[in-house]
Amino acid sequence: MPTSRFIQRFGDKITGVLSGFDRVVIRGTLRRIVSVDGMKDLLWHKQILLKHFGGWAEKLTEQLKEVSCQIAHDQHRPVVYVPSADTDKDQLARKIAAEDGITSGLVAVLTCVEPCMSFEIYRNKDEKKLELVHRVRKCLFLYHYWIDSHFGWMNARIQSWLPFPIQICLNGREWLARMMDDHQIGYHQNDNCFTWIEDVDQAQRLMNRQLRISWARALARIARQLNPAHGRMFRGFPASYYWSFYQSEWATDVMFRKASDLAEIYPALVLHGMQTFSSGDVMRFLGRKVHGGFEGEIVSDFKDRPEGVRIKHRVKKNSIKAYDKAGNCLRIETTMNDPHDFKVFRTKEGDPHGEADWRILRRGIADVYRRAQICQASNQRYLEALAAADTSTPLGELIRDICKPTTYRDKRVRALRPWSGPDLALFRAISRGEFCINGFRNRDLQSLLFDDAPDTLEEKRRRSARISRLLRMLRAHHLIQKVPKTHRYLLTSRGRDIVSAVLASQRITLEQLNKLAA
């Protein structure tokens, strides 16, 4: 990770910084048969009539369950039925591993009945015919837990009913531990966190290699373990798994020399995050439109957990959070559940020789490198924002220049009035925590600076023009910068310092000032 102002500021207390995947959830889908039409193609290929679908599908299910559990029988590992879907299966598997002293290989196969999407035959009485339909049902899922020689502790599950989707959960830190073992790099590990690494630079290079592996080949190996009979089931029919990132956590860990070093500054970082990024106990905006197509919710909150205080900002299904782990580690973590708000430079899917352009980021493993870039940039911006906490530069000196008129492209731009209502509201809007992830746009600020939606098209244009003038003013004072080839803006380093200081000054009391002066 490039040196940031945060690292420069606290560098004498920091032993290293490590960035990479933490928890990753990957799903495998047989796209050829996931739809009703696709399943009909398979039935036509196998020459199965709809009236025989139930018996044929049941035989496939029994075959899958038998071969999936056979590996446990061969290795004398337990197959445990879990009666409730609410049971913490990971905790149960770890308990089995500890009791049996398992340090490598299969730990157990856990089975549980859970809701699923599958197929069934519907008797249409009106049209007097049988129909194949896709519905929510319940079936048996098989969870394999094992300690992999490559990935470390992990699990994967497969649905025992068609269309046999797979979900794989692994952890980038567990994976890195195996890589460091292979390269004989010393480290101290606490759960999914490293508190000390002998050679941090080498460890980072190893973690970067995780992005360059053949994901398709590695995941196919896991799929074969879950269902060794897949080839026989679909012989002659192209039904391979399409792999996609259902959820990914990209964490940047700042490792301090001593837990006391982090404990000394962490309360100030949390306070800074809560105040500057508009976070209270819970700040919810349910159903409020932030831009034209936004229908989700924005949440900024903090929680006091047994292991420490966590501050989190969530935009729809994506989030960024900061918390202290294992005593001496500050973790900044971006979680991506929905990539559709982000872009990747690529050709159209299915047209590898076509013209490349900025297109929607896909869940597929093909876009994993770009996913990592976006999440890393998010973590870096958040660290940069935290670097402004408790700045030692006098406030008057910090804001002196923005209180004077300036020019932008040879046109005069007025001075900022950081204590006035409109400019203060603007500062609060652009400093919101959710904008650390992918910046803000004109339409985002409109929803924050105006109380209601525009009544007419003319009013909408007027508001857009007003926000454009405000953005130009902020750019003229070097508080924000435009993200290339987008309509988004981010705070500059100078902007973070100034905005953070101004907003913090609004919350300090006379009593606090007297204590500081004493």
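Side chains are part of it too, since the values below use all heavy atoms of this structure and drop only hydrogens, waters and symmetry mates.
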Calculate, to the nearest 0.5 Å, the distance between atoms [atom1] and [atom2] belonging to [X] and [Y] respectively.
| X | Y | atom1 | atom2 | answer |
| --- | --- | --- | --- | --- |
| Gln210 | Met179 | CD | CE | 5.5 Å |
| Ile430 | Asp444 | CD1 | CG | 12.5 Å |
| Ile168 | Arg157 | CD1 | CZ | 11.5 Å |
| Phe119 | Lys40 | CZ | NZ | 10.5 Å |
| Glu174 | Leu170 | CD | CG | 10.0 Å |
| Asn379 | Thr252 | CG | OG1 | 3.5 Å |

Considering non-hydrogen atoms only, spot the tightest contact between [X] and [Y] and give its length.
| X | Y | answer |
| --- | --- | --- |
| Ile166 | Ala223 | CD1-CB, 3.8 Å |
| Pro163 | Met117 | CD-O, 3.7 Å |
| Met233 | Leu60 | CE-O, 3.3 Å |
| Val79 | Ala72 | CG2-CB, 3.7 Å |
| Gly439 | Leu490 | CA-CD2, 3.4 Å |
| Pro454 | Glu459 | CB-CG, 3.7 Å |

Exercise: do [X] and [Y] side chains pair donor with acceptor under 3.5 Å:
| X | Y | answer |
| --- | --- | --- |
| Asn190 | Thr195 | no |
| His340 | Asp338 | yes |
| Arg135 | Ser118 | no |
| Trp250 | Gln376 | yes |

Any donor-acceptor pair under 3.5 Å linking the side chain of [X] with the backbone of [Y]?
| X | Y | result |
| --- | --- | --- |
| Ser244 | Tyr246 | no |
| Gln373 | Val368 | no |
| Arg370 | Val344 | no |
| Ser431 | Arg428 | yes |
| Asp88 | Asp90 | yes |
| Gln159 | Trp161 | yes |
| Asn337 | Lys317 | yes |
| Ser68 | Leu226 | yes |
| Tyr242 | Leu30 | no |

Does any non-hydrogen side-chain atom of [Y] lie less than 4.5 Å from one of [X]?
| X | Y | answer |
| --- | --- | --- |
| Pro339 | Met336 | yes |
| Thr61 | Trp56 | no |
| Leu140 | Cys112 | no |
| Lys138 | Cys116 | no |
| Tyr143 | Thr111 | no |
| Phe342 | Asn318 | yes |
| Leu18 | Val254 | no |
| Trp175 | His150 | yes |

Parallel, tilted or perpendicular: ring planes of Phe194 versus Tyr187, cut at 30 and 60 degrees =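 Ring orientation, 0 to 90° scale: perpendicular.
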Once the angle between the rings of His144 and Trp146 is folded into 0 to 90°, is it parallel (under 30°), tilted (30 to 60°) or perpendicular (over 60°)?
->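 Taking Trp146 first and then His144, their aromatic rings stand perpendicular (interplane angle over 60°).
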Is there a side chain to side chain contact (heavy atoms under 4.5 Å, CB included) between Leu92 and Val82 once you walk through the steps?
-> CA-CA 10 Å; Leu92 175 58; Val82 180; 4.0 Å; yes
Verify salt bridge (charged side-chain N to carboxylate O under 4.0 Å, His left out) between Lys460 and Asp455, making sure each step is shown before the conclusion.
-> CA-CA 8 Å; Lys460 183 178 180 180; Asp455 297 329; over 6 Å; no
Aromatic centroids of Trp44 and Phe237 separated by under 6.0 Å |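 They do not qualify: ring centres at least 6.0 Å apart.
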Would you please indicate yes or no on a ring centroid separation below 6.0 angstrom for Phe164 and His230?
->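 Ring centres of Phe164 and His230 not closer than 6.0 Å.
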Would you call [X]-[Y] a salt bridge at under 4.0 Å N-O?
| X | Y | value |
| --- | --- | --- |
| Arg346 | Asp351 | no |
| Glu114 | Lys89 | yes |
| Arg31 | Glu349 | yes |
| Arg173 | Asp191 | no |
| Asp452 | Arg463 | yes |
| Lys59 | Glu62 | no |

How about [X]: does its [atom1] atom have over 12 heavy atoms from other parts shown lying under 6.0 Å from it?
| X | atom1 | answer |
| --- | --- | --- |
| Gln91 | CD | no |
| His487 | NE2 | no |
| Glu131 | CD | yes |
| Lys46 | NZ | yes |

Axial cation check for Tyr489 ring with Arg441, 6.0 Å and 45° limits |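 No, Arg441 does not sit over the ring of Tyr489.
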Pi-cation contact, Phe151 with Arg178 (under 6.0 Å, within 45°) |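 Judged by the rule, Arg178 and Phe151 form no cation-pi pair.
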Give the table of side-chain donor-acceptor pairs shorter than 3.5 Å for residues 20-27, with sequence neighbours excluded, one pair per line with atom names and distance.
residue, atom, partner, partner atom, Å
Asp22, OD1, Asn171, ND2, 3.2
Asp22, OD1, Asn192, ND2, 2.9
Asp22, OD2, Asn192, ND2, 3.0
Asp22, OD2, Arg331, NH1, 3.4
Arg23, NH1, Gln247, OE1, 2.5
Arg27, NE, Gln167, OE1, 2.8
Arg27, NH2, Gln167, OE1, 3.1

Any chance you could lay out the ring pair (Phe, Tyr, Trp, His ring centres under 6.0 Å) test for Tyr369 and Trp215, step after step, and finish with the verdict?
-> CA-CA 11 Å; Tyr369 190 82; Trp215 282 92; over 10 Å; no
Please report the C-alpha distance between Glu384 and Arg381 in whole Å, then the side-chain angles of each, then the deciding distance to 0.1 Å, and finally whether the salt bridge (charged side-chain N to carboxylate O under 4.0 Å, His left out) criterion is met.
-> CA-CA 5 Å; Glu384 287 291 300; Arg381 288 194 293 270; over 6 Å; no
Run the side chain to side chain contact (heavy atoms under 4.5 Å, CB included) check on Ser35 and His134 step by step: do they pass?
-> CA-CA 7 Å; Ser35 66; His134 199 210; over 6 Å; no
